[in-house]
Amino acid sequence: MVNISDLSNDLLVKILLLIPTKVAVSTSLLSKRWGSVWKLIPKLDYDDTYSASASEFIGKFLQLNNAPVLESLHLRLKRDYAPEDFETWVNVAVTRKVPDIELVRYCIHFIPLPMSLYTHETLVVLRLMKVTIDDVPSTTCFRSLKTLSLLDVFFTSDKTVERLLSCFPILETLVVDRWGGANVKTFAICVPSLQSLKIRYRVGGYHDPKNDHGFVINAPSLKYLDIVDHFSGFYSLVNMPKQLDAEIHLRHIDSEKLLGCLTSSKKLSLCLKPQMGSYPEGDFDQLVSLDLCVMCSLDWLNLILSRSPKLRALRLYQSRERGGSCRNSRNVRTKWEQPSSVPECLLVSLKTVEWILYKGTQEEKDVVKYLLENGNFIKTMSIKFSSVITLEERNKIQLEFESMPRSSRRCQLSFT
């Protein structure tokens, strides 16, 4: 039988990569052979939970590591450490040209972004949390960076945001997570190469909007847009591509104007405040899949159906299903009105309907009945009941739906 210590260094390193870095380093106690193997690990993935000497551990690892290439430096820290420690660690990462750096701090206070990071031209992935970005050097250019996450990062001004984002000529993926009233009012994202953008701007409880806070997005190559924003007062979408998948959950924004910028989308997921009288311009003539929050956005159903001739999949849901609550639910319409004419998509293209967390209100029944009676090509209608519905009520609703007339003979009902 082969002893594990008889394996080659390459194989042992692959084994150590499967376990946390702290545990991998502890194998040095096994024997003299193991004492040298951990130094070949090409990554440092470390969190300081249950550790009282994280600063010393990180410093020693970076000092003693002999791997030909250090592939990643991931630090997730709950304790405060001196800014000088971060400077030292990042200096090593820059010197060794580490392509993947994560500096995530679960602390109250911010620390300055280590200046040496601005010189790291071969960086590919960067994730930051609880750091301050102030003066971005004029010579900075992250010419290799493709993925950037800015999580609760403090920018000193609007111009600082613009200056930083101008340093990424090939950036493809951007995550922006803001919390509460930040210093930046207009968060301008002008990145021609950007393909995926995720924005989170949240506050605890219900707050009035900051009408002078918002986002300007200029991303002509964008393919996927995901926004959950409970705070901003405006969004401006500039040079949007012809085809875009979008998930939009907004509390205060002018929904009509925003939707008017998304009419070329193939997939939409919407949680928006109800219409205020005006309507977005243009048809959703590329839309094939629509997710709609029934707590606030059912008001949009008739309009979008009437302008989506190619729609194939419709999913109606309670936004609480996604781990939160609908921030627009105080504005929900109480009565759904049957449209005066049947939308084209019901006559020729809609094939699947799914209702998540169905509660059995009269408004919900009316919508389901209308879809069954007019959906010529619906193949499946799936109903997932809310937990507030009793078994007896479920059985009654199921019998009622099964007795409803259906325009499509192939339509199958399912209940869970």
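- Ile108 CD1: 12 or fewer foreign heavy atoms inside a 6.0 Å radius.
- When all heavy atoms of Ser193 and Pro169 are compared, the pair lying nearest together is OG-O, 3.5 Å.
- Judged by the 6.0 Å distance and 45° axis criteria, Arg178 is positioned over the aromatic ring of Tyr201.
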| task | Evaluate the side-chain contact (heavy atoms from CB on, under 4.5 Å) criterion for residues Val238 and Ile217: first the C-alpha distance (whole Å), next the side-chain angles of each, then the deciding distance (0.1 Å), finally the verdict. | result | CA-CA 6 Å; Val238 183; Ile217 302 171; over 6 Å; no
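- The ring-ring contact (aromatic ring centres under 6.0 Å, His included) contacts involving residues 342-363 comprise Trp355-Tyr358, Tyr358-Phe401, where partners must be two or more places apart or lie in separate chains.
- Ring geometry for Phe142 against Tyr118 counts as tilted: the plane angle lies between 30° and 60°, on a 0 to 90° scale.
- For the atom pair CG (Leu259) and SG (Cys261), the distance works out to 9.0 Å, reported to the nearest 0.5 Å.
- Taking a cutoff of 4.0 Å between a charged side-chain nitrogen and a carboxylate oxygen, Asp285 and Arg307 do not qualify as a salt bridge.
- Applying the salt bridge (Lys or Arg N to Asp or Glu O under 4.0 Å) test to every pair with at least one member in residues 338-355, sequence neighbours left out, gives these pairs: Arg315-Glu354.
- Of the charged side-chain nitrogens involved, at least one lies within less than 4.0 Å of a carboxylate oxygen, so that Arg143 and Glu121 count as a salt-bridged pair.
- The two residues Met404 and Leu372 have their closest heavy-atom pair at SD-CD1, 4.0 Å.
- Applying the side-chain contact (heavy atoms from CB on, under 4.5 Å) test to Thr186 and every residue at least two apart in sequence or in another chain returns Asp158, Val216, Phe234.
- Judged by distance alone, the side chain of Ser306 and the main-chain N or O of Asn302 form a donor-acceptor pair under 3.5 Å.
- Of all non-hydrogen atoms in Phe377 and Leu347, the two that sit nearest each other are CE1-O, 3.1 Å.
- Atom CG in Leu70 sits 7.5 Å away from atom CG in Leu44 (nearest 0.5 Å).
- Between Val367 and Leu301 the shortest heavy-atom distance is CG1-CD2, 3.9 Å.
- Of all non-hydrogen atoms in Leu151 and Arg127, the two that sit nearest each other are CD1-NH2, 3.3 Å.
- Ser116 and Asn91 form a side-chain donor-acceptor contact under 3.5 Å, judged by distance and modelled atom types alone.
- Listed by chain and residue number, Trp38 satisfy the ring pair (Phe, Tyr, Trp, His ring centres under 6.0 Å) test with Phe61 (two or more places apart in sequence, or in another chain).
- A donor-acceptor pair shorter than 3.5 Å cannot be found between the side chains of Thr160 and Arg163.
- Panel note: side chain Thr380, backbone Thr352; no donor-acceptor pair is recorded below 3.5 Å.
- Judged by distance alone, the side chain of Thr390 and the main-chain N or O of Glu393 form a donor-acceptor pair under 3.5 Å.
- Between the side chain of Ser308 and the backbone N or O of Leu311, no donor-acceptor pair lies under 3.5 Å.
- Listed for the Ser265 side chain is no donor-acceptor partner under 3.5 Å among the backbone atoms of Leu268.
- With rounding to the nearest 0.5 Å, the separation of CD1 in Ile383 from OG1 in Thr416 is 9.0 Å.
- Taken to the nearest 0.5 Å, the OG atom of Ser144 stands 9.0 Å off from the NE2 atom of His120.
- Checking side-chain atoms of Glu373 against main-chain N and O of Tyr370 turns up no donor-acceptor pair under 3.5 Å.
- Here Asp80 pairs with Arg105 under the side-chain hydrogen bond (donor to acceptor under 3.5 Å, both in side chains) rule; sequence neighbours left out.
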| Worked check of side-chain contact (heavy atoms from CB on, under 4.5 Å) between Glu364 and Gln362 | CA-CA 5 Å; Glu364 292 175 334; Gln362 186 60 50; over 6 Å; no
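- In this structure, the side chain of Ser349 engages the main chain of Pro309 through a donor-acceptor pair within 3.5 Å.
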| Which is it for Leu174 and Ile189 under the side-chain contact (heavy atoms from CB on, under 4.5 Å) test, yes or no, and what are the steps along the way? | CA-CA 10 Å; Leu174 174 62; Ile189 300 171; 3.9 Å; yes
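- In this structure Asn218 satisfies the side-chain hydrogen bond (donor to acceptor under 3.5 Å, both in side chains) test together with Asn239, sequence neighbours excluded.
- Interatomic distance, CD1 of Ile170 versus CZ of Phe168, reported as 11.0 Å (0.5 Å rounding).
- Among residues two or more places apart in sequence or in another chain, the side-chain contact (heavy atoms from CB on, under 4.5 Å) test is passed with Thr147 by Val125, Thr173.
- The salt bridge (Lys or Arg N to Asp or Glu O under 4.0 Å) pairs that include a residue from residues 397-416 are Lys365-Glu400, where partners are two or more places apart or lie in different chains.
- Residue pairs meeting the salt bridge (Lys or Arg N to Asp or Glu O under 4.0 Å) criterion with at least one partner in residues 215-239, sequence neighbours excluded, are Arg200-Asp226.
- The closest donor-acceptor contact from the side chain of Asp245 to the backbone of Leu225 lies at 3.5 Å or more, if one exists at all.
- Within the 3.5 Å criterion, the main-chain N or O of Pro192 finds a donor-acceptor partner in the side chain of Ser221.
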| task | Verify side-chain contact (heavy atoms from CB on, under 4.5 Å) between Val368 and Met381, making sure each step is shown before the conclusion. | result | CA-CA 9 Å; Val368 171; Met381 167 79 77; 4.2 Å; yes
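- Residues that satisfy the side-chain hydrogen bond (donor to acceptor under 3.5 Å, both in side chains) test with Tyr81, not counting sequence neighbours, are Asp48.
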| field | side chain to side chain donor-acceptor pair (under 3.5 Å) evaluation trace for Asp134 with Thr156 | value | CA-CA 5 Å; Asp134 184 4; Thr156 55; 3.1 Å; yes
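- A 6.0 Å sphere centred on CZ of Arg394 holds more than 12 heavy atoms belonging to other residues, nucleotides or ligands.
- Between the side chain of Glu87 and the backbone N or O of Met115 there is at least one donor-acceptor pair closer than 3.5 Å.
- Closest of all the heavy-atom pairs between Ser408 and Ile378 is OG-O, 2.8 Å.
- Considering only residues two or more places apart in sequence or on other chains, Phe57 meets the ring pair (Phe, Tyr, Trp, His ring centres under 6.0 Å) condition with Tyr46.
- Take Lys130 and apply the salt bridge (Lys or Arg N to Asp or Glu O under 4.0 Å) test, not counting sequence neighbours, and it matches Asp152.
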| query | Run the salt bridge (Lys or Arg N to Asp or Glu O under 4.0 Å) check on Asp45 and Arg76 step by step: do they pass? | reply | CA-CA 8 Å; Asp45 191 349; Arg76 293 175 294 278; 2.4 Å; yes
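- To the nearest 0.5 Å, the span separating CG on Leu250 from SG on Cys271 amounts to 8.5 Å.
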